[in-house]
Protein chains: 2
Amino acid sequence: MKIQTPPYGHPVEARERLLAAALEQFALRGYAATSVRELCEAAGVTKPVLYYYFKSKEGLFLQLMEETSAILETMIADLANYPGSARERIVHFITEVFNACDQQLPLIKLIYSILFGTPQGAPSFNLEQNYDRILETITGLVEEGIVRGEIARGNVNDIVWTIMACFSVTLEEQLCRCNPRIDGASMVRMLNLVFNGIAPH
Amino acid sequence: MKIQTPPYGHPVEARERLLAAALEQFALRGYAATSVRELCEAAGVTKPVLYYYFKSKEGLFLQLMEETSAILETMIADLANYPGSARERIVHFITEVFNACDQQLPLIKLIYSILFGTPQGAPSFNLEQNYDRILETITGLVEEGIVRGEIARGNVNDIVWTIMACFSVTLEEQLCRCNPRIDGASMVRMLNLVFNGIAPH
DNA sequence: GTCTATATTGAGATAGAC
DNA sequence: GTCTATCTCAATATAGAC
């Protein structure tokens with residue numbers, strides 16, 4: 001699907017406003033429940049403008065997914081490098097990713113709404129790649145920690161998923177509650193529990 | 001909203017088939033993307049039958065939510081009692097809830113699709129009550145474990161959420177992947193990690 | 001590139017016979 | 001209770017002027 005781009009020097013406002021409106025409206029109401037009319041009203045443009053730039057509602061959706069996924073990808077890659085022990089690096093990485101997601105909640109909400117929330121007629125798009133990148137990064141950090149003796153020997157996958165679990169559950173609490181019962185600080189405490197264990201020593 | 005129930009002795013097949021079809025179709029395609037026509041075709045009935053029993057697509061959805069939520073509620077309550085140490089009881093409870101959910105994946109998928117997947121025009125329904133019941137039950141088990149000295153003293157909420165995280169992330173992996181990378185056995189190992197800690201002692 | 005006006009389809013819902 | 005036939009409306013999408 002070839003997407004038209006406006007000629008150089010022309011205002012791109014309309015196109016950008018449509019993408020922004022799509023992000024907000026799709027995240028708010030879902031893909032199927034958001035009509036082209038609402039999308040255009042929210043963006044302050046008329047319908048033919050949408051079809052001009054994105055060819056269809058589906059095209060707008062795919063373009064939005066592609067652009068935002070690329071943004072997340074580079075963000076995750078940038079956060080992997082940090083000095084300190086394996087434990088410090090893991091906590092730092094997870095915290096930063098969490099904070100970044102927390103500041104882009106509508107975007108994350110949209111991704112979750114497609115990932116967990118049934119296709120709803122939305123065109124398929126590989127939404128798991130960002131999640132997988134986070135998993136890979138944690139795996140690298142854990143493996144390094146084991147080699148250095150900073151993390152106990154054991155099933156790497158289990159360790160990675162346990163860390164991921166703390167991140168996911170905290171993020172999801174932000175997504176579906178206006179007053180989340182846990183936040184970034186709770187998440188760090190949970191990670192500390194995971195490192196230290198909750199059984200009496 | 002008053003829902004009609006068929007007179008005693010009459011066949012309830014049509015009504016039940018509609019509920020089953022609604023569960024499957026809503027979970028598969030989402031609320032907004034599923035049309036009344038598809039619903040009726042899947043149930044093998046005509047449209048007026050749906051409107052006769054449930055008054056509207058919305059009524060069918062609400063009835064489905066109400067019935068399934070009640071089923072989950074009693075299931076959770078039944079699983080709370082089990083002999084053994086706090087650790088054994090927690091692992092047992094989480095495992096049983098997970099297995100029950102795993103056997104009712106379409107249902108869980110539907111709940112998640114509404115909870116995380118934007119309203120999609122679906123009528124609002126308190127979907128968090130089952131989740132909250134699980135949290136409450138774990139909280140009780142953890143508090144008891146601390147009193148008995150089987151769990152180290154600490155922030156109860158952090159402990160509860162860490163346990164919940166292992167459950168959630170495992171369940172969600174079943175929901176959005178055909179080949180889940182973690183399963184019930186992984187979850188138990190993750191819980192053991194949480195109890196013992198991943199840092200070298 | 002952006003508009004007005006419109007084509008076309010399928011949605012949710014109902015009337016009224018049986 | 002279940003059907004056929006139909007109403008109404010809003011959805012996506014486009015034609016064609018400017």
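The shown structure was predicted, so the numbers you read here are calculated from the model rather than taken from an experiment. All chains are named by letter (A, B, ...) in the order of the sequence lines, taking the proteins before the strands, and each is independently numbered beginning at 1.
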Exercise for the section: Do nucleotides 13-18 of chain D as a string where each nucleotide becomes B, S or -: B if the base has a protein heavy atom under 4.0 Å, S if just the sugar-phosphate does, - if no protein is that close. Expected result: BBB---

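- Residue pairs meeting the salt bridge (charged side-chain N to carboxylate O under 4.0 Å, His left out) criterion with at least one member in residues 81-103 of chain A, sequence neighbours excluded: A/Arg89-A/Glu144.
- For B/Asp132, the side chain to side chain contact (heavy atoms under 4.5 Å, CB included) criterion is met by A/Arg177, A/Arg181, B/Glu128, B/Leu135, not counting sequence neighbours.
- Rounded to an integer number of Å, the gap from CG of B/Leu60 to P of C/dA13 is 11 Å.
- Note on residues 61-82 of chain A: pairs passing salt bridge (charged side-chain N to carboxylate O under 4.0 Å, His left out), not counting sequence neighbours, are A/Arg15-A/Glu67, A/Glu73-A/Arg133.
- For B/Leu23, the side chain to side chain contact (heavy atoms under 4.5 Å, CB included) partners at least two apart in sequence or on another chain are B/Leu64, B/Leu107, B/Leu110.
- The distance from atom CZ of B/Phe61 to atom C1' of C/dG12 is 17 Å, rounded to the nearest whole Å.
- A sub-4.0 Å separation between OP1 or OP2 of C/dT2 and a side-chain N or O of A/Thr46 is absent.
- Rounded to whole Å, the distance from CD on A/Glu41 to C1' on D/dA11 is 13 Å.
- The side chain of B/Tyr53 lies closest to D/dT2 when the candidates are C/dT2, D/dT12, D/dT2.
- Judged by distance alone, the side chains of A/Ser69 and A/Gln129 do bring a donor and an acceptor atom under 3.5 Å apart.
- Taking the side chain to side chain contact (heavy atoms under 4.5 Å, CB included) definition, one finds that B/Ala185 meets it with B/Asp183, B/Arg189, sequence neighbours left out.
- Summarising the geometry, the separation between CZ on A/Arg29 and C1' on D/dA11 is reported as 15 Å, rounded to the nearest angstrom.
- Distance B/Arg37 CZ to D/dC3 C1': 18 Å, rounded to the nearest Å.
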